[in-house]
Amino acid sequence: MRHRGPALRVPDGERSRRIRFPGHSVTVRLGRRGSLPAMKNDFILIPGLWMGAWAWEPVTRGLRALGHEVYPLTLPGLAHPNSDVSAIGLATHVQDVLALIERNDLRDVILVGHSYAGMVAGQVADRVPGRVARTVFLEGFLPHHGRSLLHAFPERQRTGELRLIAENRGRWPVPDATVVADGQDLTARQARWLVERFVAHPGRTLSEPAVLTRPLAAQRASYIVCDKEHFGGRVSADVAAMREAPGWTFHSLDTGHWPMVSAPRDLTTVLSTIAAHHFALS
């Protein structure tokens, strides 16, 4: 965590400010001029299925406007639809993020994984816990040692998805715009914009099992639930179980599965709040 940029002004005469976070609040001592220094954090944004760094553009701009350093990623195999992905697995994507952290000598990273990329982010945090301040699972699949993303599906569906991948040159095909938009708080135009840019996903990343060396519940993590993705706020059992983990926090957005498109400002605010919350307590 570093400091940069204009200070947040508070009323004259105040010497401390109570900042409220989910479940509790923190008192922060103010400077001589009654201001809170703007906190600069390093964010790595890992896109979910079919997407690249382009999907994060509004959020990237928003976080940078707040003074943060932001590293949006396009994972191997997702830049070009016709590239050979036969050698790209889940471990390839994990290594790609680790290489970014090492190359830029990043520390105290806020690591954000959307959807599929929860599998990646959770393993990266497991490998370099000293470099990752907090893992943020944005509607993310959670990694479990020895299990793949497709293990989250019933066996018959899992078999069907593997067959579909085999029939499409090792890639998981892009869905139709109507499927992407259905109940997800997207306009028809936004859904088409997404699908036109989607790249069929490297299939091995979905079938390759995760490797963890310590319990996922031991990570410092936050989970963002997008309410319109769920009925009655229900989430999968493995996600719900993390509500009992002492280092985890839960947050919600009133939007669908693609908040970087449907609610980028709200998502930017939540991510910045999660970072501020973490470092205020550390």
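- One distance of note links CD of Gln219 with CE of Met242; it measures 9.0 Å at 0.5 Å rounding.
- When the options Ile46, Val70, Val136, Ile224 are evaluated for a side-chain contact (heavy atoms from CB on, under 4.5 Å) with Val112, the one that passes is Val136.
- Minimum heavy-atom separation, Met119 to Ser148: CE-C, 3.9 Å.
- Dense packing is recorded around CZ of Arg197, with more than 12 heavy atoms of other residues, nucleotides or ligands lying under 6.0 Å away.
- Both Val132 and Leu75 are part of a single hydrophobic cluster, where members link through side-chain heavy atoms under 4.5 Å apart.
- Evaluation of the ring pair (Phe, Tyr, Trp, His ring centres under 6.0 Å) test over residues 142-197, restricted to residues two or more places apart or in two chains, returns Trp50-Trp172, Trp54-Trp193.
- With rounding to the nearest 0.5 Å, the separation of CD1 in Ile44 from CG in Asn104 is 8.0 Å.
- Residue Cys226 holds its SG atom at 5.0 Å from CG of Leu253, rounded to the nearest 0.5 Å.
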* Passes side-chain hydrogen bond (donor to acceptor under 3.5 Å, both in side chains), Ser222 versus Thr249? Steps please. -> CA-CA 5 Å; Ser222 297; Thr249 62; 2.6 Å; yes
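- Pairs engaging residues 73-98 under the ring pair (Phe, Tyr, Trp, His ring centres under 6.0 Å) rule: His93-Tyr116 [sequence neighbours left out].
- Residues Pro259 and Asp266 form no side-chain contact, since every pair of their non-hydrogen atoms from C-beta on lies 4.5 Å or further apart.
- Here the straight-line distance linking atom CG of Leu45 with atom CG of Leu267 works out to 8.5 Å at 0.5 Å rounding.
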* To do: Could you walk me through whether Phe137 and Trp248 pass the ring-ring contact (aromatic ring centres under 6.0 Å, His included) test, one step at a time?
  => CA-CA 10 Å; Phe137 296 91; Trp248 284 60; 5.4 Å; yes
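- Note that the CD atom of Gln157 and the CG atom of Leu150 stand 8.5 Å from one another [nearest 0.5 Å].
- Proximity of Val97 to Leu73: side-chain heavy atoms (C-beta onward) are separated by under 4.5 Å at one or more points.
- Considering only heavy atoms from C-beta on, Gln123 comes within 4.5 Å of Leu90 through its side chain.
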* To do: Please report the C-alpha distance between Leu78 and Met51 in whole Å, then the side-chain angles of each, then the deciding distance to 0.1 Å, and finally whether the side-chain contact (heavy atoms from CB on, under 4.5 Å) criterion is met.
  => CA-CA 7 Å; Leu78 286 154; Met51 299 194 298; over 6 Å; no
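- Judged purely by distance below 3.5 Å, without hydrogens or angles, the side chains of His277 and Thr273 never pair a donor atom with an acceptor atom.
- Neither Phe198 nor Ile88 shares a network with the other; the hydrophobic side chains, linked directly or stepwise wherever heavy atoms of I, L, V, M, F, W or Y lie under 4.5 Å apart, form separate groups for each.
- Applying the salt bridge (Lys or Arg N to Asp or Glu O under 4.0 Å) criterion to Glu208, with sequence neighbours excluded, gives Arg204.
- Taking CG of Leu138 as the start and CE of Met260 as the end, the distance is 5.0 Å to the nearest 0.5 Å.
- Within 6.0 Å of the CD atom in Glu167, the count of heavy atoms belonging to other residues, nucleotides or ligands exceeds 12.
- Nearest heavy-atom pair, Leu63 versus Leu271, reported as atom, atom and distance to 0.1 Å: CD1-CD1, 4.3 Å.
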* To do: Please report the C-alpha distance between Asp126 and Val211 in whole Å, then the side-chain angles of each, then the deciding distance to 0.1 Å, and finally whether the side-chain contact (heavy atoms from CB on, under 4.5 Å) criterion is met.
  => CA-CA 9 Å; Asp126 180 76; Val211 177; over 6 Å; no
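- Residues meeting the side chain to side chain contact (heavy atoms under 4.5 Å, CB included) test with Asp182, sequence neighbours left out: none.
- Minimum heavy-atom separation, Pro47 to Ala53: CG-N, 4.5 Å.
- A donor-acceptor pair under 3.5 Å is absent between the side-chain atoms of Asn168 and the main chain of Gly170, judged by distance alone.
- Proximity of Asn82 to Arg169: side-chain heavy atoms (C-beta onward) are separated by under 4.5 Å at one or more points.
- Here the closest non-hydrogen pair linking Ser272 and Leu66 is OG-CD1, 3.8 Å.
- For Glu102, the side chain to side chain donor-acceptor pair (under 3.5 Å) partners two or more places apart in sequence, or in a different chain, are Arg131.
- The shortest non-hydrogen separation linking Asn41 to Ala275 is OD1-CB, 3.5 Å.
- At least one side-chain heavy atom of Val225 sits less than 4.5 Å from a side-chain heavy atom of Glu139.
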* Please assess Thr268 against Arg265 for the test side-chain contact (heavy atoms from CB on, under 4.5 Å), listing each intermediate value before the final yes or no. => CA-CA 5 Å; Thr268 299; Arg265 289 185 181 180; 5.6 Å; no
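- Using a 4.5 Å heavy-atom cutoff, the side chains of Pro173 and Leu164 are in contact.
- Side-chain contact between Val59 and Glu57 is absent, with no heavy atoms from C-beta onward closer than 4.5 Å.
- Neither Leu162 nor Val85 shares a network with the other; the hydrophobic side chains, linked directly or stepwise wherever heavy atoms of I, L, V, M, F, W or Y lie under 4.5 Å apart, form separate groups for each.
- Screening residues 203-224 for ring pair (Phe, Tyr, Trp, His ring centres under 6.0 Å), with sequence neighbours left out, gives Tyr223-Phe250.
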* **Pair Thr135-Arg220, side-chain hydrogen bond (donor to acceptor under 3.5 Å, both in side chains): steps then yes or no** => CA-CA 6 Å; Thr135 314; Arg220 301 176 298 272; over 6 Å; no
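- Looking at Ser262 and Gln184, their side chains never come closer than 4.5 Å, going by heavy atoms from C-beta outward.
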* Derivation and outcome, side-chain contact (heavy atoms from CB on, under 4.5 Å), residues Val239 and Phe141 -> CA-CA 8 Å; Val239 171; Phe141 286 88; over 6 Å; no
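- What you find for Val180 and Pro175 is that their closest heavy atoms are CG2-CG, 3.6 Å.
- Under a 3.5 Å cut-off, the side chain of Arg134 and the backbone N or O of Ala221 do form a donor-acceptor pair.
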